[in-house]
Enquirer: 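One structure, pasted below without further comment.
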Number of protein chains: 2
Amino acid sequence: MARASSVKDVAARAHVSLGTVSNVLNRPERVSPATRAKVEQAMRDLGFVRNESARQLRAGRSRTLAYVLLDARNPFFTDVAQGAELAAESAGLSLFLCHSGNRPSREADYLAHLVEQRVQGILVTPVDPHAAVLDDVRRNGTPLVIVDRTREDAEFCSVAVDDVLGGRLAVEHLVEAGHTRVAFIGGPETIGQVRDRLAGARQAWAAAGLPDDQLTVIATDALTVAEGRSAGERVMGIGSSRRPTAAFCVNDLLALGLLQQLSTAGLSVPRDLAIVGYDDIEYAAAAAVPLTSVRQPRQELGRRAAELVLDEAEDPDHQHQQVVFTPELVARRSTLG
Amino acid sequence: MARASSVKDVAARAHVSLGTVSNVLNRPERVSPATRAKVEQAMRDLGFVRNESARQLRAGRSRTLAYVLLDARNPFFTDVAQGAELAAESAGLSLFLCHSGNRPSREADYLAHLVEQRVQGILVTPVDPHAAVLDDVRRNGTPLVIVDRTREDAEFCSVAVDDVLGGRLAVEHLVEAGHTRVAFIGGPETIGQVRDRLAGARQAWAAAGLPDDQLTVIATDALTVAEGRSAGERVMGIGSSRRPTAAFCVNDLLALGLLQQLSTAGLSVPRDLAIVGYDDIEYAAAAAVPLTSVRQPRQELGRRAAELVLDEAEDPDHQHQQVVFTPELVARRSTLG
DNA sequence: TTGTAAGCGTTATCAA
DNA sequence: TTGATAACGCTTACAA
């Protein structure tokens, strides 16, 4: 494949100067119709395509945003991405998705690459919101917004959902349904969300005046379907006198795994165990027993994050903001019998 | 935020020439340890980050691949992406994901942008494999591989799975289990996969000597959970004497929707209706009744596609190849009672 | 070992 | 209306 043609080649073929070609591209009204036609014909003949690197080098900034996400298989993140996409689109930018797969090294590689590319802004759901890589991006001047995680300092904009409230909503719902022995399923506690949802669960539990030891924490190693199945086995291993009558899972994948494990074992949901999930992914409503779940405004999260990153890129007086959205409980058959 | 610093700034601060700075970056062994240390210190002081646009402009090519996919929410595509990622990583490249959301205009925008960025190569699962946008990319000299779709001409490399065979495997499995009235659920038929899987289904049906009219086609408008539910209602509306005893769904999302609809209606899978899905996504195994499904080597698909696109980018003697992988049936409870 | 200078393709300024 | 030229930041001959 021959070298792609440049404005210079177009100029030569159209017998005009290089500046005129550029004008055709950027200020066509300044060019006489005749020469414009000539130039456009030459472009077609040569299959001319602007070289974005050169434009960018000249302009100092690119026309792209990027979202570095933890897990492209988790519908939560793809919904966030979709929201960001909409915002990017209306700003005339492209959004690239980068999949860190929960690996700090890949995340770091992507962030470094994006900074080198001088993207307009980066959205990231980081493996660890306190990792130094994020501060490096900031220091290098690329706007960055943290999505679905928070940091105590105000070094970055962030958008997140109130997970303490979400945990509270879930457990209040179970308490109202009369449950007095509940399992909290999730982990590891290194994940802020796990801690927050547990804290909310405990708040609701205490507020209902129920004894601490009747809220059992079942720790998992990850938030996956497989871990949900394994948690199911552990729940069922609890002696029937002390066995919880309901479970609150930190996300829907766990809840789906739990549901499957129970139904494999011939138990019925919600009769034998009521289940509340978290995230309200599409598969939650589509499960054989539709899952009660805590819904987060996912698209809105992405949209707002993209807006913030653009504000940071464009407004010299930009102030960092921590946006916190409110979750909402969606009750379905898995708790309503 | 002040302008990011350049090699020139670093050179000034380290009191060396700009060429030396470049050497530190690209051929550090040619620089004396003392000056190298000086330069590296200056880089740290200034928070220097290479400008990738400039490098790229100079080098004429970028260090990225991109995969333009139809639907980031469909685990099939994210698994393909993961395979591509692995291949990209071992070639030292970054992979960006672009989500067309099944919209030809977004797909075209992304492709145009990627060509302008002079990415090393593009993988794409196109809305329409015959659309002219693909030929435009080719004409502009960017290597492009079609993923999970095929074209009759040999203008592009492509990687796909034998969908006719997949359809045959699914229906052979049902026939072996003794079913003589089967529903084929899927659509629209504009999607090549739908046509191929149906063709395979019919082959297996005919080979078993079963009458045409006992293989009922239930057309859907899309391959989604919601459409699966609606198909479920239609299946159940068929008079019991003529109602199919098994269904083959063109993908797992349809199958999951169907499964949910049936269980909502109090029917049992596989007793009242056996179900075979397609894709073997994670949620298929995790459904309340684990789904029998046709598995495609998804990661392998992505890996191979990335390899082909790199070959096209690097080997002047590159020959286009149509790679076809073989699917495999995974039997689970939804057909095994 | 280090420095100088040309050039990648684009845009924008200024002059013709 | 069009053309010549400089500049963006980097890499790489080539010269010192």
Side-chain angles (χ1 to χ4, degrees), chain A residues 2-40 42-43 46-63 112-113 115-120 140-142, chain B residues 2-40 42-43 46-63 112-113 115-120 140-142:
Chain A
R3 195 184 99 278
S5 45
S6 71
V7 281
K8 204 192 278 180
D9 301 322
V10 174
R13 181 170 240 268
H15 306 292
V16 298
S17 84
L18 169 168
T20 300
V21 176
S22 178
N23 280 332
V24 170
L25 288 167
N26 303 297
R27 290 100 67 275
E29 72 285 357
R30 293 212 183 158
V31 182
S32 80
T35 35
R36 190 161 81 197
K38 229 172 25 175
V39 170
E40 284 167 346
M43 287 181 174
L46 296 172
F48 169 78
V49 181
R50 266 175 159 123
N51 182 322
E52 180 70 19
S53 312
R55 288 187 88 183
Q56 203 168 300
L57 174 58
R58 182 62 229 235
R61 48 142 75 175
S62 80
R63 312 195 33 69
H113 193 157
V115 170
E116 291 186 352
Q117 295 234 74
R118 303 290 193 268
V119 295
Q120 282 240 11
N140 295 324
T142 303
Chain B
R3 196 184 99 275
S5 45
S6 70
V7 279
K8 203 192 280 179
D9 301 321
V10 174
R13 182 169 239 269
H15 304 294
V16 298
S17 84
L18 172 165
T20 301
V21 175
S22 181
N23 280 333
V24 170
L25 288 168
N26 302 298
R27 317 222 256 333
E29 71 284 359
R30 294 212 183 160
V31 181
S32 80
T35 37
R36 192 162 80 197
K38 230 173 26 175
V39 170
E40 283 168 346
M43 287 181 174
L46 296 171
F48 170 79
V49 180
R50 265 177 160 124
N51 182 323
E52 179 70 19
S53 313
R55 288 188 88 183
Q56 201 168 302
L57 176 57
R58 183 60 228 242
R61 49 145 71 177
S62 80
R63 312 195 35 67
H113 194 156
V115 170
E116 291 186 353
Q117 294 233 78
R118 302 290 193 268
V119 294
Q120 282 238 13
N140 294 324
T142 304

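Just the heavy atoms: all of them, side chains too, but no hydrogens, waters or symmetry mates, feed the values below. Throughout, a chain's letter reflects where its sequence line sits, starting with A, and its residues are numbered from 1.
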Enquirer: Sorted by first residue and then second, give each salt bridge (Lys or Arg N to Asp or Glu O under 4.0 Å) pair with at least one member in residues 4-26 of chain B; sequence neighbours left out.
Expert: B:R3-B:D9, B:R13-B:D45

Enquirer: Who are the side-chain hydrogen bond (donor to acceptor under 3.5 Å, both in side chains) partners of B:Q117, not counting sequence neighbours?
Expert: none

Enquirer: Nearest heavy atom decides the nucleotide; on that basis, is B:A54 or A:A59 closer to the 5' end of DNA chain C?
Expert: B:A54

Enquirer: With sequence neighbours excluded, tell me which residues meet side-chain hydrogen bond (donor to acceptor under 3.5 Å, both in side chains) with A:S5.
Expert: none

Enquirer: For B:A14, give me all partners under side chain to side chain contact (heavy atoms under 4.5 Å, CB included), at least two apart in sequence or on another chain.
Expert: B:V16, B:V39, B:A42

Enquirer: Report the residues that fulfil salt bridge (Lys or Arg N to Asp or Glu O under 4.0 Å) with A:R63, sequence neighbours left out, ordered by chain and then residue number.
Expert: none

Enquirer: Which angle, rounded to 10°, do you find between the first-five-pair axis and the last-five-pair axis of the helix from C:dT1-D:dA16 to C:dA16-D:dT1?
Expert: 40°

Enquirer: In chain order, what residues pass the side chain to side chain contact (heavy atoms under 4.5 Å, CB included) check against A:N23, with sequence neighbours excluded?
Expert: A:R27, A:V31

Enquirer: Rounded to the Å, how far apart are B:R63 CZ and D:dC10 C1'?
Expert: 15 Å

Enquirer: How would you give the extent of chain A contacts on DNA chain C, as first and last nucleotide 5' to 3' within a 4.0 Å heavy-atom cut-off?
Expert: C:dC8 to C:dT13

Enquirer: Would you check if A:E116 and A:N140 make a side-chain contact, meaning some heavy-atom pair closer than 4.5 Å?
Expert: no

Enquirer: Rounded to the nearest angstrom, tell me the gap between atom CZ in A:R50 and atom C1' in D:dC8.
Expert: 17 Å

Enquirer: B:R36: what forms a salt bridge (Lys or Arg N to Asp or Glu O under 4.0 Å) with it, not counting sequence neighbours?
Expert: none

Enquirer: What nucleic acid atoms does B:S22 come within less than 4.0 Å of, heavy atoms only: base, sugar-phosphate, or nothing?
Expert: base

Enquirer: Collect all protein-nucleotide pairs involving nucleotides 1-4 of chain D in which both atoms are nitrogen or oxygen and the distance is under 3.5 Å.
Expert:
from	atom 1	to	atom 2	distance (Å)
D:dT2	OP1	A:S32	OG	3.1
D:dT2	OP1	A:T35	OG1	2.8
D:dT2	OP2	A:S32	N	2.9
D:dT2	OP2	A:T35	OG1	2.9
D:dG3	OP2	A:S17	N	2.8
D:dG3	OP2	A:S17	OG	3.3
D:dG3	OP2	A:T20	OG1	2.6

Enquirer: Would you indicate what A:R118 reaches in the nucleic acid, counting non-hydrogen atoms under 4.0 angstrom: base, sugar-phosphate, or nothing?
Expert: nothing

Enquirer: For B:S32, enumerate each residue passing the side chain to side chain contact (heavy atoms under 4.5 Å, CB included) test, keeping only those at least two apart in sequence or located in another chain.
Expert: B:A34, B:T35

Enquirer: Do A:E52 and A:R55 touch side chain to side chain, with heavy atoms closer than 4.5 Å?
Expert: yes

Enquirer: Return the value, rounded to whole Å, for the distance between atom CG of A:N51 and atom C1' of D:dC10.
Expert: 14 Å

Enquirer: Using the salt bridge (Lys or Arg N to Asp or Glu O under 4.0 Å) criterion, which residues pair with B:R50? Sequence neighbours excluded.
Expert: none

